[in-house]
Trainee: 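I'd like to ask you about the structure that follows.
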Amino acid sequence: MFSVTTAIALLFAGCGESKVAQCNKVIKVANQASTLGQEFGKNPNPAKGSKALTELAGKIDPLTQEMKTLEIKDEKLQGFQGRFITLYQNISKELNNAAGAIDKKNLPAAKGFLVSLKKSSTEESSIVNEINSYCSAK
């Protein structure tokens, strides 16, 4: 009886999504967010002013939702997923806050929000390096 139960448990464990497949799902969304940031950095379009920031935030929000809906079983990857979600929520909030500060002509506040965004960029790089290291490990 025990060996049959063990065999069934192993069979079901083998049917789950591989670590690599789960990594790919998280990395795919992270790459989309990174691409948005890079495109914005290359073409910030100052003529649009605060509207460009709110548009970027509007593009990040769906990626946050997409990251939330990923079904990830690996606990370590769930941690990365949670960190990305928090990061994207913070970036969206900071973009909207910076846009509001620009609209109110509050340049010191706008600069403060932009400094926070740069810190978020550094945090994103750190998470990306960690997840790449974890996912490439055997």
Trainee: Measure the SG-CZ distance between C23 and F80 for me, rounded to the nearest 0.5 Å.
Mentor: 8.0 Å
Trainee: Using the side-chain contact (heavy atoms from CB on, under 4.5 Å) definition, which of the options N97, L95, N96 pairs with F113?
Mentor: N97
Trainee: How long is the span from the NZ atom in K25 to the CD atom in E17, to the nearest 0.5 Å?
Mentor: 3.5 Å
Trainee: Measuring from K68:NZ to L63:CG, what's the distance to the nearest 0.5 Å?
Mentor: 12.5 Å
Trainee: To the nearest 0.5 Å, how far apart are CD in E123 and OG in S116?
Mentor: 11.0 Å
Trainee: Any side-chain heavy-atom pair from F84 and V29 closer than 4.5 angstrom?
Mentor: no
Trainee: Looking only at atom types and distance, does a side-chain atom of S126 sit under 3.5 Å from a main-chain N or O of T122, one as donor and one as acceptor?
Mentor: no
Trainee: Considering only heavy atoms from C-beta outward, does the side chain of N31 approach that of V128 to under 4.5 Å?
Mentor: no
Trainee: Specify the closest pair of heavy atoms between A30 and Y88, including all atoms of both residues, with the distance to one decimal.
Mentor: CA-OH, 3.2 Å
Trainee: Could you tell me whether the side chain of T35 reaches within less than 4.5 Å of the side chain of E39, counting heavy atoms only?
Mentor: yes
Trainee: Working to the nearest 0.5 Å, report the span between NZ of K51 and CD1 of I102.
Mentor: 14.5 Å
Trainee: Using a 4.5 Å cut-off on heavy atoms from C-beta on, say whether the side chain of T64 contacts that of S92.
Mentor: no
Trainee: Side chains of L77 and C135: does their closest heavy-atom pair fall under 4.5 Å?
Mentor: yes
Trainee: Identify the heavy atoms of E66 and Q32 that sit nearest to each other, and give their distance.
Mentor: OE1-OE1, 3.5 Å
Trainee: Is a donor on one side and an acceptor on the other found under 3.5 Å between the side chain of K19 and the backbone of D74?
Mentor: no
Trainee: Between R83 and E130, is there a side-chain heavy-atom distance shorter than 4.5 Å?
Mentor: yes
Trainee: How close do L70 and Q81 get, counting heavy atoms only, and between which atoms?
Mentor: O-NE2, 3.1 Å
Trainee: State, yes or no, whether a side-chain contact exists between K76 and Q22 at a heavy-atom distance under 4.5 Å.
Mentor: no
Trainee: Testing the 3.5 Å rule here: is there a donor-acceptor pair between the side chains of N90 and S120?
Mentor: no
Trainee: Looking only at non-hydrogen atoms, find the nearest pair between A101 and A110 and report the distance.
Mentor: CB-N, 3.6 Å
Trainee: Between atom CD of E94 and atom CD1 of I91, what is the distance when rounded to the nearest 0.5 Å?
Mentor: 9.5 Å
Trainee: Side chains of L56 and L53: closer than 4.5 Å at any heavy-atom pair?
Mentor: no
